[in-house]
Each structure stands twice: as structure tokens, then as C-alpha cells.
Protein chains: 2
Amino acid sequence: MQISTKFTIAIHILAATEYFGKDMKVTSDLLSASIGANPVIIRGLMSDMKKAGLIETKRGPGGITITKPLDQITFYDVYEAVEKNKDELFHFHEAPNPNCPVGHNIHAALDDRLEKAQKHFEEDLKNYKVSDVAKDIHKLIKKEEAS
Amino acid sequence: MQISTKFTIAIHILAATEYFGKDMKVTSDLLSASIGANPVIIRGLMSDMKKAGLIETKRGPGGITITKPLDQITFYDVYEAVEKNKDELFHFHEAPNPNCPVGHNIHAALDDRLEKAQKHFEEDLKNYKVSDVAKDIHKLIKKEEAS
DNA sequence: TGCGATTGTTATTCATATTATTACATCAAA
DNA sequence: TTTGATGTAATAATATGAATAACAATCGCA
């Protein structure tokens, strides 16, 4: 029961692109090295985020460009872009017995509440900006360099 | 990426026990039939909920007894009792590169925010009471019987 | 005391989802 | 047209979830 690594990897992609993008070309191979995940996974996430309008990619010359300022990208944007099965955070058991009065009605009694909880979770994700993560990384790196 | 069926099954167990408990002995086999899941799974969840103090069980004579009034059991109590890996809702990729400044600091920059989002999710689950589900089931069954 | 019923628990298998890997087509720019 | 990157499919490896079988442990009752 965990949200897949795709989510944290995608945020890592954005943060690393912001950090390295000024100085060098950011490719799936470079990101793969920073993240420690397979380049194909990175490319898949790049593709997902491209479809969601968060980044631009180019073949050949390669490299990622972030299309929106990071302070306009929330955790929810990333979550929505890359996570599968996000439509149903809760997983209902398949076959409650239709001949049992409880089994027959459990769905109706539960679904609204689960949807509400899921909605609240998603809304909360909108409160975290990727730019804040990027800022913290800059700070942490500066602190390291100073010491 | 889904919360396992354990959670909804556990709520089903409580609701069915409340509904049937007055009239008959509620065993893992009975629940298994209502829920459509294997009795061993049910027993495992019974055991988890027993440890969490939500129900009492007995061998031999068998049957579940709910030890707390249902309006004192929230979705969070159930979630906490049965869900594995609930300590880390978000799944970090294992091996960010320690030699990369971003890979090296991504954890520190992200963990607090992920913990906060997780905490909010858990807090929200405390707003839903199992008794409300049970009440709705009673209502729905009565409506069916009337028609 | 011994029997039947039920929970408690382990081990095994099966199914599904996640991640890694290989391979190669596609495309953009020099 | 060559080079270097993305895009994507197919496959394998791994992890997790769930089903199942088997049996020990326990309780109540005759």
C-alpha cells in the first residue's frame, strides 16, 4: 500500500532540471544517474509530464525544458500527471455477496465517504509547490558548499 | 497505487457484525460469505482489529464482539489497525545518487512535505465514523424491504 | 475428559503491479 | 546523413496482494 516511486521520481526530475538546466543539457541519462532509476522509467515520466503540459521535450538535441514556473506546479499536478489508478485511491473488494443485505449495500454506504476522503487528499496535494522543494535544495547545497 | 482491500473489508466486517450480531453468531465463515473474500483473510483482519482493541474474538464458541460503540471507531482506527506500510504512504525511490547535489538533498527537501500530506490524510480519516456507515446500511435495507 | 467448532498462524501458490532492461523506431539539428 | 536524443513496445525480474491448504491452539459443552 504505497504511492509508487513515480511520484517522487517525477518531482526529482523537475527539481534536477531546474538545478542543472541553466548549465547543461538535461537528458534522461543524466537524470537517470541523479535519480538512480532506469532511463526508460525517466522517459516514461517525461512523456507523462509532457502530456500534462508541465515540461517540453525534444528529440535529437534532447533535453527537458520546464514550461511553467515551478511555483505554478503543485504536487497534485505531478501526482495527476504520473500516477496510475489515482481515480480510485481506495480499493474495494471485488465481490461482496449480493444476496447478503450488508454485502449488497456496503458499496452505497461507503463510496461517498471514500470519495470525499480521496478528494480531500488531492486538494491537500495542491498546497505544496515544487518550487519550494527546489528552493530548499538550493539552500541545502549552499550550506554544504559553505562548510 | 491503491490502498489495499483490507481497509474496505475491515469496515465491512464491522458493519456486518453490527448488523448480524444481535441475531446470530458472527464467524469468519459467515463474514467470508458476505464479503466474498477468503476466511483466512478475514481471520487475519479480525486478529489485527483485536490487537487494536476494536473487537473481541473467541475460539471455540467463536464469533466477534465489537468492544467499542461504533460511533467511537473512525476510519482512521480501522486504517491504522489493518493497513501495512501505512507509515510511509509515499514511496521514495531507493537510491538517489549521493554524489549528485540534487540526489543527495532531495530526501531532506521532500520528506517534511510528504509527511505533512500523509498526516493530513490520516487526520481526515478520523472524520468518518463507522457508525455512519452502519446507519446507512440499515436505512438502505429498510428501504428495500419497504418496496 | 474428550469432542466439535472456531480462531490463530504458517507455508505455498497464484495473480497482479511495479520496476528494470533490451531493443529499436522516430525525430531534430548540425 | 550522421549523431544523439526521445518514444515506445516487449520482456524479464521483483515485490506485493490475495487465495488456499493445512494444522495447532483454544474454548465451551456434553
Side-chain angles (χ1 to χ4, degrees), chain A residues 1-10 12-13 17 20-21 24-33 35-52 54-65 82-96, chain B residues 1-10 12-13 17 20-21 24-33 35-52 54-65 82-96:
Chain A
M1 194 290 298
Q2 281 185 320
I3 290 170
S4 77
T5 57
K6 284 185 178 182
F7 177 66
T8 52
I9 292 178
H12 191 148
I13 289 175
T17 303
F20 291 118
M24 60 187 90
K25 183 165 64 172
V26 180
T27 68
S28 63
D29 273 9
L30 173 79
L31 290 168
S32 170
I35 292 168
N38 193 282
V40 176
I41 303 292
I42 310 293
R43 281 184 227 140
L45 293 173
M46 283 162 58
S47 177
D48 289 342
M49 288 198 279
K50 184 183 188 175
K51 281 172 198 154
L54 305 180
I55 62 173
E56 263 313 310
T57 59
K58 270 199 197 121
R59 304 201 211 202
I64 301 184
T65 321
V82 304
E83 198 68 37
K84 299 300 157 201
N85 275 60
K86 61 178 185 308
D87 293 340
E88 295 197 339
L89 179 58
F90 296 95
H91 192 183
F92 228 101
H93 47 294
E94 298 303 327
Chain B
M1 194 291 298
Q2 280 185 320
I3 290 169
S4 78
T5 57
K6 285 186 178 181
F7 177 66
T8 52
I9 292 178
H12 191 149
I13 288 175
T17 303
F20 291 118
M24 60 188 92
K25 183 163 65 171
V26 180
T27 67
S28 63
D29 273 8
L30 173 78
L31 290 167
S32 170
I35 292 168
N38 193 282
V40 176
I41 304 293
I42 310 293
R43 280 184 230 141
L45 294 173
M46 283 162 57
S47 178
D48 289 341
M49 288 198 279
K50 183 184 189 175
K51 281 172 197 155
L54 305 181
I55 61 173
E56 263 313 311
T57 60
K58 272 197 194 121
R59 304 200 211 203
I64 300 183
T65 321
V82 304
E83 198 68 37
K84 298 300 157 204
N85 275 63
K86 60 179 187 306
D87 294 339
E88 294 198 339
L89 178 60
F90 296 95
H91 192 183
F92 228 101
H93 46 293
E94 297 304 327

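We use all heavy atoms of the structure for the numbers below, so side chains are in, but hydrogens, waters and symmetry mates are not. Each chain gets a letter, A, B and so on, in the order its sequence line appears, and its residues count up from 1.
- Here dA28(C) is the nucleotide among dA28(C), dT18(C), dA9(D) with the atom lying nearest to any side-chain atom of K58(A).
- Residue whose closest nucleotide on DNA chain D sits further toward the 5' end, between K51(A) and T5(B): K51(A).
- Between the C1' atom of dT26(C) and the NZ atom of K50(A) lies a distance of 12 Å, rounded to the nearest Å.
- The phosphate of dT6(C) has OP1 or OP2 within less than 4.0 Å of a side-chain N or O from K25(B).
- The interatomic distance linking N85(A) (CG) with dA17(C) (P) rounds to 7 Å, in whole Å.
- Among the atoms of the strands shown, base atoms are found under 4.0 Å from some heavy atom of G60(A).
- If you take CD1 of I41(A) and C1' of dT21(C), they are 9 Å apart, rounded to a whole angstrom.
- Side-chain atoms of R43(B) and base atoms of dT6(C) include no donor and acceptor less than 3.5 Å apart.
- Nucleic acid contact for G63(B): sugar-phosphate only, since backbone atoms but no base atoms lie under 4.0 Å from a heavy atom of the residue.
- Judged purely by atom type and a 3.5 angstrom limit, K25(B) uses its side chain to pair as donor or acceptor with the backbone of P61(B).
- Not one N or O on the side chain of S47(B) forms a donor-acceptor pair closer than 3.5 Å with the backbone of R43(B).
- We find that CG of D29(A) is positioned 17 Å from P of dT3(D), with the value rounded to whole Å.
- A distance-only check finds no donor-acceptor pair linking the side chain of T5(A) to the backbone of F92(B) [under 3.5 Å].
- Rounding to whole angstrom units, CD1 of residue I42(A) and C1' of dG7(D) are separated by 15 Å.
- Between the side chain of T57(A) and the backbone N or O of I64(A) there is no donor-acceptor pair closer than 3.5 Å.
- No donor-acceptor distance shorter than 3.5 angstrom exists from the side chain of E83(A) to the backbone of K6(A), with no hydrogens or angles considered.
- Of the candidate nucleotides dT6(D), dA23(C), dG28(D), dT6(D) has the atom lying nearest to any side-chain atom of M46(A).
- Here dT12(C) presents its P atom at 17 Å from CG of N38(B), a figure rounded to the nearest Å.
- Nucleotide dG7(D) holds its P atom 9 Å from the CD atom of E56(A), rounded to whole Å.
- A residue-by-residue look at H91(B) and S47(B) shows that S47(B) has its nearest nucleotide of DNA chain C further toward the 5' end.
- When each of A37(A) and P61(A) is assigned the nucleotide of DNA chain C bearing its nearest heavy atom, the one mapping closer to the 5' terminus is A37(A).
- Taking atom NE2 of H93(B) as the reference point, atom P of dT19(C) lies 11 Å away to the nearest angstrom.
- Donor-acceptor pairing under 3.5 Å, judged by distance alone, is present between the side chain of R59(A) and the base of dT26(C).
- Taking only side-chain nitrogens and oxygens, S28(A) comes nearer than 4.0 Å to OP1 or OP2 of dT6(D).
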